[in-house]
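These notes concern the structure reproduced below.
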2 protein chains.
Amino acid sequence: MTYAPPPGPPGRPGQRGQGRTGRPRSAEADRAILGATREALVELGWGKLTLSDVAARAGVAKTTLYRRWAGKSELVVDAVAALFDEHLDLPDLGSLQADIQGVVLRFAALLERPETKTALMAVVAESTRDDALRARIRSAIVDRQKQLVLIGRERAQERGELPYEESPAAAARHADLIFDVIAGAVVHRALVSAEPVDEAWTRSFADLLVGGLAGRPV
Amino acid sequence: MTYAPPPGPPGRPGQRGQGRTGRPRSAEADRAILGATREALVELGWGKLTLSDVAARAGVAKTTLYRRWAGKSELVVDAVAALFDEHLDLPDLGSLQADIQGVVLRFAALLERPETKTALMAVVAESTRDDALRARIRSAIVDRQKQLVLIGRERAQERGELPYEESPAAAARHADLIFDVIAGAVVHRALVSAEPVDEAWTRSFADLLVGGLAGRPV
DNA sequence: CTCTTACGCTACGCCTCGTAGCGTAACTGC
DNA sequence: GCAGTTACGCTACGAGGCGTAGCGTAAGAG
């Protein structure tokens, strides 16, 4: 747990021919390891996942894992982060209400996958005592998802559905708030309440977010 | 992990003189174990917490732990659940807005404690693969907190701030939604974004929840 | 005083962790 | 080609946690 991968950002194979000498890291091994990690997560879950097992599945020596990642948490973050990169665009559905529903359903679809379900919570739990890990999660997963909120809000402002903020600072605070509300609600619904994030729930949630408790037609 | 504590609800000492024969479980040992668990959580976090260590802190044999709890997750749920029982009333602050802020600040205060921070997320993560554990979390923690939402909503309806629901089913769905939004947002803010749930944020959140995105004065 | 259950203690086999050491493979610069 | 450098696979290892078994003893019920 004390080893930090020496060259470049961890998980990325050393750049070829960039002045770096010696045998380069195998990019294929990287893919195999991250894939094996996701596979093991599905079958075993976070608790019973062992690095020995991942190494065996990937057809790689256990020592190679430790040469690249400091521990289980770091490996799993990278393995799961790749999944969150799939849908980072937000199709314009014509209204704020529809855009919210779209982003919620997409996010929920990610959380439904067995490899993300367990992994995300476990890694977040671990990050409460590990600042470096939390930073890694933010840059690899959270901040990218937050981007979707910024896009959707900007569109709504152009449509005239939302007012423009007075100051950049207030805008940032507001965006953070909305992100916490959306992401938090979906995660809580899916993982704590363990109820489906389906069409009906998503519509109710978007209604609530747009209109609030007070402005509710019932 | 295959052992289920035989008599009565786990974690509670056998009722004295209730037809049960033999030596009763020590209630004092129970307190010592749960206390030691919380203490160990603060110092070590979920990942490095070991049952051997807890037993040593509690001045109890390791075997006693396994006689009462099936594993680490179950023990930690009980240890943390006791903390959530402290504030289960909701003082009437005069308005829906104020009541929301009150419940958010209380919930946040619980999450600020180092023993709950890590433990809650870790246990939820584990529960995604263990239905019995999830049920235990619900009854010991989640459902009790949800009660606060029901109380606050009822008050708001009596004040005329919120309309009454048409059907009991719709009311239940709506309450579940609100609970997921509040609890999810606070947890996400505190643990994922790792930003303080302070007075300012709480006010913004309550504004958003009551008035919605659209009805925002800015 | 017997029956029943809980407790403390010791010991154990199994597994995972994370590291060290070694010989070999791959790629770079001369 | 050859030396230098880095990554890899393999084996082995000590440390430590897990969960259980067995035993003798303590604490209540009838």
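If you're wondering where the values come from, they're calculated on a predicted model, not measured in any experiment. Reminder, nothing fancy here: chain letters follow the sequence lines and each chain counts from 1.
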Output yes when B:Asp78 and B:Arg136 qualify as a salt bridge under the 4.0 Å nitrogen-oxygen rule, no when they do not. yes
Contacts table for residues 98-108 of chain A: side-chain donor-acceptor under 3.5 angstrom, sequence neighbours left out:
{"unit_1": "A:Asp99", "atom_1": "OD1", "unit_2": "A:Leu93", "atom_2": "N", "d": "2.9"}
{"unit_1": "A:Asp99", "atom_1": "OD2", "unit_2": "A:Arg159", "atom_2": "NH2", "d": "3.0"}
{"unit_1": "A:Arg106", "atom_1": "NH1", "unit_2": "A:Asp89", "atom_2": "O", "d": "2.6"}
{"unit_1": "A:Arg106", "atom_1": "NH1", "unit_2": "A:Asp89", "atom_2": "OD1", "d": "3.2"}

Nucleotide N/O to protein N/O under 3.5 Å, stretch nucleotides 10-12 of chain D:
{"unit_1": "D:dC10", "atom_1": "N4", "unit_2": "A:Thr63", "atom_2": "OG1", "d": "3.0"}

Counting side-chain heavy atoms from CB outward, which of C:dT19, C:dA6, D:dA29 is closest to B:Thr21? D:dA29
Atom-pair distance (OH on B:Tyr66; P on D:dT20), nearest Å: 8 Å
Nearest heavy atoms of A:Ser52 and A:Lys62, plus distance in Å: OG-CD, 3.6 Å
Between C:dG18 (C1') and A:Glu74 (CD): distance, integer Å: 13 Å
Could you tell me whether A:Arg134 and A:Asp131 have a side-chain N and a carboxylate O separated by less than 4.0 Å? yes
If I take atom CG in residue A:Asp53 and atom C1' in nucleotide C:dT16, what distance separates them, rounded to the nearest angstrom? 11 Å
Nucleotide C:dC17, atom P - distance to CH2 of A:Trp69 in whole Å: 15 Å
Which sits closer to the 5' end of DNA chain C, A:Leu51 or B:Ala29, going by the nucleotide each is nearest to? B:Ala29
I'd like to know if A:Arg23 reaches the base of C:dA25 with its side chain such that a donor and an acceptor end up less than 3.5 angstrom apart. yes
By nearest heavy atom, map A:Leu49 and B:Gly22 onto DNA chain C; which one lands nearer the 5' end? B:Gly22
Below 4.5 Å, heavy atoms only, C-beta onward: do B:Tyr66 and B:Leu51 meet side chain to side chain? yes
Can you check the B:Leu65 CG to D:dA21 P distance for me, whole Å? 17 Å
Shortest non-hydrogen separation from A:Ser127 to A:Ile137 and the atoms involved: CB-CD1, 3.8 Å
Between B:Arg57 and B:Asp53 (salt bridge meaning N to carboxylate O under 4.0 Å), is one present in this structure? yes
Find the distance A:Ile33:CD1 to D:dA7:P and express it as a whole number of Å. 13 Å
Which whole-number value in Å describes the distance from B:Leu44 CG to D:dG16 C1'? 14 Å
